[in-house]
Amino acid sequence: MIGGGSTGTGVARDAAMRGFATVLVERRDLADGTTGRFHGLLHSGGRYAVKDPSAATECIEENRILRRIAADCIEDTGGLFVSTPWDDPAFGDEFVAGCEATGVPVTEIPAAEALRREPRLHPEIARAFEVPDAAIDPWKTVWSCARSAQDYGARILVYHRVVELVREGDTVTGARVVDDRTGDELEIRALVTVNAAGAWAGQIAALAGCRVEVLPGKGIMIAMNHRLVNTVVNRCKMPADGDILVPIRTVSVIGTTDTRVADPDELEVTEAEVGEMLDEGEKLVPGFRRSRALRVWAGARPLFSQTDVADTRDVTRSHALLDHRERDALGGFVTITGGKTTTFRLMAEVAVDAVCAQLGTERFHILFFRPRLR
C-alpha cells in the first residue's frame, strides 16, 4: 500500500484482516496529506444529495457503518442545513427530494427550533433541515486503522518515500523506497501494489508508466478559537465556498474553497481566500469575524475525472477504482482514488476486492464480525 491517509490505512487494515502479508509506506507521517487537512465532517450525504447523488448514497451508507465500528472517533453533533437570507428558500424542497432519493434521513424543523438549539445562527434563517452529519477525528481514525492493521500483522513504514515502482515485463512487482530519516533504500516485493496516494496518485501511477488524471482541488479552512455552534451547520444551497461550519473538539472549522491546482504540494493560502471565508461565516453566524482565528490551512482533494473540467466542483466525490491490469495491461497494480474520508472504508473494501481478483483468490470482507477500530 502506498499512502498513509484514511484510504491507505483502511486498505492496509482490510488486507491484513483478510490474511494478506501487508506493508504500507508513507512518505511523511500518517494523515499528513489530505486526510489531516480537511474540516472533520463525517458526511451524511446531504451536501451531495442534489448535485452528486451517487456520492450522497455512499456517504450515508458509510456514515452508518463508521458510527458502529469507529464510534470512539466520532462526535454525534447532528447536522443542520439552513436557508440564510442569501439563499433561496425554495431550494429546500429540492434538497429534501434529493435526500429522500439517496436515502439520507432528513426532517424539516421550524426555524425557531433551529435557533433555540443554535442561538448564534443568523436570526433570519427561513428554513432548517436536520440530517445525521457528525464530526470525525481524522488522526484518531487513521492511527486506529494502522494499529489494527499491525495487530493483524501489517507493517507500517512512515517517512518512506517511493522513488521507483519495480516492473518485470507487464507486471509491477513492488517498489523501491527511501527512508528519508536515514537515507537507506529498501526494495519491497509484492504480488500486488495498491496506489492509495490520494491527490498524489497520478504521480505514483506515472512511476509505473500509467496515466491517471487526478485533479488536485485546493480547499482552505479556518479554525476559530471556540465552538460557535455545537451542530454541523451547512447552508441549504448548491455546494459553494464557505458554506460549512463544523464543531470539532474545542474549535469551529469553516470551509471550504475549491480551486484546481497543478501540484498538491503547492497550496498557497491567499488573503482574499481568508477574507472570503470570514465573510461567508458572517452569513451563518453574525459576529463571526469578531472571533479569533487560530489557524488557517489548505488541503488538496483527490478528484478523479475521465474528462477535463473547468470547475472542480463539477467532479464527482465518488471514488474511482482503476485496475491497471484491465485498463493498461499492467498486472500487479491497482489505484484507488477520489472519494472522501467518510467513504474510506468502502474504498478499502473495493481495493482489496480488486487485489483478490488479480490474485485469483476469494477472501471475503466480513464487515459485521469485525472488531471495532481502536
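Keep in mind that what you see is a predicted model, and the values were worked out from it rather than measured.
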Q) So if you build clusters from Ile, Leu, Val, Met, Phe, Trp, Tyr with side-chain heavy-atom gaps below 4.5 Å, do V229 and L115 land together? A) yes
- Query: Is the closest side-chain heavy-atom distance between T341 and T141 below 4.5 Å?
  - Reply: no
Heavy-atom side-chain contact between M221 and I254 under 4.5 Å
no
Here the gap from L80 atom CG to N230 atom CG, rounded to the nearest 0.5 Å, amounts to 11.0 Å
Heavy-atom closest pair (P264 atom, P216 atom, distance to 0.1 Å) is CD-CG, 3.9 Å
Report the C-alpha separation of N195 and F333 in whole Å, then their side-chain angles, then the decisive distance to 0.1 Å, and conclude whether the side-chain contact (heavy atoms from CB on, under 4.5 Å) test is met. CA-CA 7 Å; N195 174 13; F333 191 44; 3.8 Å; yes
Under 4.0 Å between a side-chain nitrogen and a carboxylate oxygen: does that hold for K218 and E273?
yes
Worksheet item: Do the charged groups of R27 and D180 touch, with an N to O distance under 4.0 Å?
Response: no
Interatomic distance, CH2@W297 vs CZ@F38, rounded to 0.5 Å, equals 10.0 Å
* Asked: Sub-3.5 Å donor-acceptor pair from the side chain of R363 to the main-chain atoms of G19, do we have one?
  -> yes
Between E94 (side chain only) and V50 (backbone N and O only), is there a donor and an acceptor less than 3.5 Å apart?
no
- Item | Check: M224 main-chain N/O paired with R292 side-chain donor or acceptor under 3.5 Å | no
Output, in order, the C-alpha distance, side-chain angles, deciding distance and verdict of side-chain contact (heavy atoms from CB on, under 4.5 Å) for L66 and L42. CA-CA 9 Å; L66 290 180; L42 181 71; 3.8 Å; yes
inquiry  = When you group the ILVMFWY residues by side-chain heavy-atom contacts below 4.5 Å and let the links chain together, are V352 and V350 in the same group?
reply    = yes
Q. Would you say C210 and L330 make side-chain contact, with heavy atoms under 4.5 Å?
A. yes
### Message
Between D137 and R249 (salt bridge meaning N to carboxylate O under 4.0 Å), is one present in this structure?
### Response
yes
With no hydrogens and no angle check, just 3.5 Å: does a side-chain donor-acceptor pair link T256 and H39? no
_Check ion pair R127-D88 (N to O, under 4.0 angstrom)_ = no
Interatomic distance, CD1@I136 vs CD1@I74, rounded to 0.5 Å, equals 4.5 Å
request  = Tell me yes or no: between the side chains of T343 and E58, is some donor less than 3.5 Å from an acceptor?
outcome  = no
- In terms of hydrophobic clustering (I, L, V, M, F, W, Y; side-chain heavy atoms under 4.5 Å; direct or indirect links), are L294 and W139 co-clustered? no
Contacts of H160 meeting ring-ring contact (aromatic ring centres under 6.0 Å, His included) (sequence neighbours excluded), chain-then-number -> none
Self-check item: Under 3.5 Å: donor-acceptor pair, side chain of D87, backbone of T84
Solution: yes
Q. So do the side chains of T9 and L24 get within less than 4.5 Å of each other, counting heavy atoms only?
A. yes
Hey, is E75 close enough to R227 for a salt bridge, meaning N to O under 4.0 Å? yes
Check step by step if side-chain contact (heavy atoms from CB on, under 4.5 Å) holds for F288 and L278.
-> CA-CA 7 Å; F288 187 85; L278 296 177; 3.9 Å; yes
Residues passing the salt bridge (Lys or Arg N to Asp or Glu O under 4.0 Å) test with E280, sequence neighbours excluded, are R235, K283
Tightest non-hydrogen contact, residues V11 and A348, listed as N-CB, 3.4 Å
- Query: Got R117 and I109 here, is their nearest side-chain heavy-atom distance under 4.5 Å?
  - Reply: yes
Are the charged groups of D179 and R161 less than 4.0 angstrom apart, N to O? no
field: Any donor-acceptor N/O pair, K140 side chain to D72 backbone, under 3.5 Å
entry: yes
(request) Decide whether L321 and I204 are clustered together by the hydrophobic rule: side chain heavy atoms of Ile, Leu, Val, Met, Phe, Trp, Tyr closer than 4.5 Å, transitively. (result) no
Interatomic distance, OH@Y48 vs OG1@T102, rounded to 0.5 Å, equals 12.5 Å
query: Can you tell if the side chain of V178 reaches within under 4.5 Å of the side chain of Y159, non-hydrogen atoms only?
result: no
Answer yes or no: is there a donor N or O on one side and an acceptor on the other, between the side chain of S252 and the main chain of H226, under 3.5 Å? yes
### Message
Given 3.5 Å as the limit, does a donor-acceptor pair link the side chain of E185 with the main chain of V177, or not?
### Response
no
So CG of N225 and OG of S291: to nearest 0.5 Å the spacing works out to 6.0 Å
- Honestly curious: do V355 and L346 fall in one hydrophobic cluster under the side-chain, below-4.5 Å linking rule? yes
Which word best sums up how the rings of H122 and W86 line up, parallel for under 30°, tilted for 30 to 60°, or perpendicular for over 60°?
perpendicular
Donor-acceptor side-chain pairing of S44 and D133 below 3.5 angstrom: yes
Regarding R345 and E62, does a basic nitrogen lie under 4.0 Å from an acidic carboxylate oxygen? yes
Quiz item: Any sub-3.5 Å donor-acceptor pair from T34's side-chain atoms to A300's backbone N or O?
Solution: yes
- Query: Taking C-beta and beyond as the side chain, do C73 and S144 meet within less than 4.5 Å on heavy atoms?
  - Reply: yes
**Message:** Assess whether a salt bridge exists between D151 and R147, defined as any Lys/Arg side-chain N lying under 4.0 Å from an Asp/Glu carboxylate O.
**Reply:** no
Between R211 and E213, does at least one N-O distance fall below 4.0 Å, as a salt bridge requires? yes
(request) Apply salt bridge (charged side-chain N to carboxylate O under 4.0 Å, His left out) to the pair R301 and D258, showing each step before the final yes or no. (result) CA-CA 9 Å; R301 300 174 184 85; D258 198 338; 3.4 Å; yes
Practice item. Take I244 and V233 through the test side-chain contact (heavy atoms from CB on, under 4.5 Å) and record every step on the way to the result. Key: CA-CA 6 Å; I244 309 173; V233 181; over 6 Å; no
Requested in this report: Please lay out, stage by stage, how E168 and R189 fare under the test salt bridge (charged side-chain N to carboxylate O under 4.0 Å, His left out).
Outcome: CA-CA 11 Å; E168 293 182 2; R189 290 284 178 161; 2.8 Å; yes
Checklist entry - Looking at D353 and R18, does any basic side-chain N land under 4.0 Å from a carboxylate oxygen? => result yes
Exercise for the section: Please assess R28 against E26 for the test salt bridge (charged side-chain N to carboxylate O under 4.0 Å, His left out), listing each intermediate value before the final yes or no. Expected result: CA-CA 6 Å; R28 294 178 180 162; E26 161 59 42; over 6 Å; no
R155, CZ atom: more than 12 neighbouring heavy atoms under 6.0 Å: no
Are the ring centres of F344 and H319 closer than 6.0 Å?
-> no
Sidechain N-carboxylate O distance under 4.0 Å for D243, R47
yes
In T173, V334, T171, V172, the residue satisfying side-chain contact (heavy atoms from CB on, under 4.5 Å) with V192 is V334
If you draw a 6.0 Å radius around CG in L191, do more than 12 non-hydrogen atoms from other residues or ligands fall strictly inside?
no
Query raised in the report: L284 versus L228: any side-chain heavy-atom pair under 4.5 Å?
Result: no
Taken to the nearest 0.5 Å, the spacing of L30 CG from W143 CH2 works out to 4.0 Å
